[in-house]
Amino acid sequence: MHSNLTNRLSTLIGYVGHVEINTDFELLENSTSQDPETMAELCGVLIGYLKVRQSSSNKVLSVSVVCSSFVYLTRFTNHGYLLIQFSRSQKLEDVWCSLDSILAELNA
């Protein structure tokens, strides 16, 4: 799944890199420029929030965080969790629909 996922995500406007974590919280891939420890820590915080909110009546399906020049989007997938790093210098309004389509195909 890794190479197919990377190929598909790299077509998104503003894509910089991504982190993939499996359901056992093992880091599978880090294609961002940040070191694995930093990304694992960021993912841990965001995944913790997602897990808490998934059990509530108002489910949260994704979390977006803006840090310096990047936007990070964290989503739950059938295989674990995905954090995608986008450049803030791009207009990202059309990215979410494309991302939904990519993840729907990969999760099928």
Side-chain angles (χ1 to χ4, degrees):
M1 181 169 112
H2 302 296
S3 63
N4 188 28
L5 178 64
T6 300
N7 291 341
R8 296 294 309 273
L9 292 176
S10 65
T11 64
L12 296 173
I13 294 171
Y15 172 82
V16 177
H18 72 277
V19 175
E20 188 177 358
I21 295 177
N22 68 14
T23 54
D24 295 324
F25 301 103
E26 297 170 324
L27 182 66
L28 300 177
E29 184 173 6
N30 177 15
S31 66
T32 69
S33 60
Q34 302 294 320
D35 62 271
E37 293 80 19
T38 300
M39 295 313 292
E41 187 174 325
L42 176 60
C43 286
V45 170
L46 298 175
I47 289 169
Y49 180 78
L50 273 176
K51 286 182 71 80
V52 167
R53 298 305 300 169
Q54 282 176 343
S55 62
S56 72
S57 60
N58 294 321
K59 292 186 182 215
V60 175
L61 303 176
S62 67
V63 176
S64 300
V65 176
V66 178
C67 299
S68 65
S69 58
F70 299 111
V71 175
Y72 294 97
L73 173 70
T74 306
R75 296 273 304 259
F76 176 76
T77 70
N78 288 351
H79 309 285
Y81 297 88
L82 183 65
L83 179 139
I84 307 169
Q85 184 181 32
F86 294 100
S87 169
R88 279 185 65 190
S89 64
Q90 298 289 322
K91 293 190 178 214
L92 301 175
E93 64 263 359
D94 295 330
V95 168
W96 312 124
C97 288
S98 298
L99 180 58
D100 286 341
S101 175
I102 290 169
L103 291 178
E105 289 175 22
L106 293 173
N107 287 333

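Both backbone and side-chain heavy atoms feed into the values below; hydrogens, waters and symmetry mates do not.
You'll find the side chain of I47 stays beyond 4.5 Å of the side chain of L83, heavy atoms only. Side chains of L82 and V19 form no contact here, defined as non-hydrogen atoms less than 4.5 Å apart. No side-chain heavy atom of Q85 sits under 4.5 Å from any side-chain heavy atom of M39. A heavy-atom distance below 4.5 Å is not found between the side chains of V63 and L73.
Listed by chain and number, the residues in a side chain to side chain donor-acceptor pair (under 3.5 Å) with S31 are Y15, H18 (sequence neighbours excluded). For T38, the side chain to side chain donor-acceptor pair (under 3.5 Å) criterion is met by D35, not counting sequence neighbours. Under the rule for a side chain to side chain donor-acceptor pair (under 3.5 Å), E37 has no partner lying at least two apart in sequence or in another chain. Judged as a side chain to side chain donor-acceptor pair (under 3.5 Å), and not counting sequence neighbours, the contacts of S89 are S87. Evaluation of the side chain to side chain contact (heavy atoms under 4.5 Å, CB included) rule for I13 yields Q90, V95 as partners, not counting sequence neighbours.
The aromatic rings of Y81 and F25 sit parallel, their planes meeting at an angle under 30°, below the 60° perpendicular limit.
When all heavy atoms of S98 and L12 are compared, the pair lying nearest together is CB-CD2, 3.5 Å. Summarising the geometry of C43 relative to I21, their closest heavy-atom pair is CB-CD1, 3.3 Å, with the distance given to 0.1 Å. Listed here is the closest heavy atom pair of L27 and P36: CD2-CB, 3.7 Å. Shortest non-hydrogen contact noted between R75 and S62 is CD-CB, 3.0 Å.
Screening residues 38-73 for ring pair (Phe, Tyr, Trp, His ring centres under 6.0 Å) gives no qualifying pairs among residues at least two apart or on separate chains.
In summary, the side chains of E20 and T77 do not present any donor paired with an acceptor at a separation below 3.5 Å, with no hydrogens or angles considered.
Distance check: L9 CG to L99 CG gives 6.5 Å after rounding to the nearest 0.5 Å. Rounding to the nearest 0.5 Å gives a distance of 8.5 Å between OG of S64 and CZ of F86.
Between the side chain of D100 and the backbone N or O of A104 there is no donor-acceptor pair closer than 3.5 Å. For D24 (side chain) and E26 (main-chain N/O), no donor-acceptor pair under 3.5 Å exists by modelled atom type.
Both V66 and I84 are assigned to one and the same hydrophobic cluster, defined by single-linkage of ILVMFWY side chains at heavy-atom distances under 4.5 Å.
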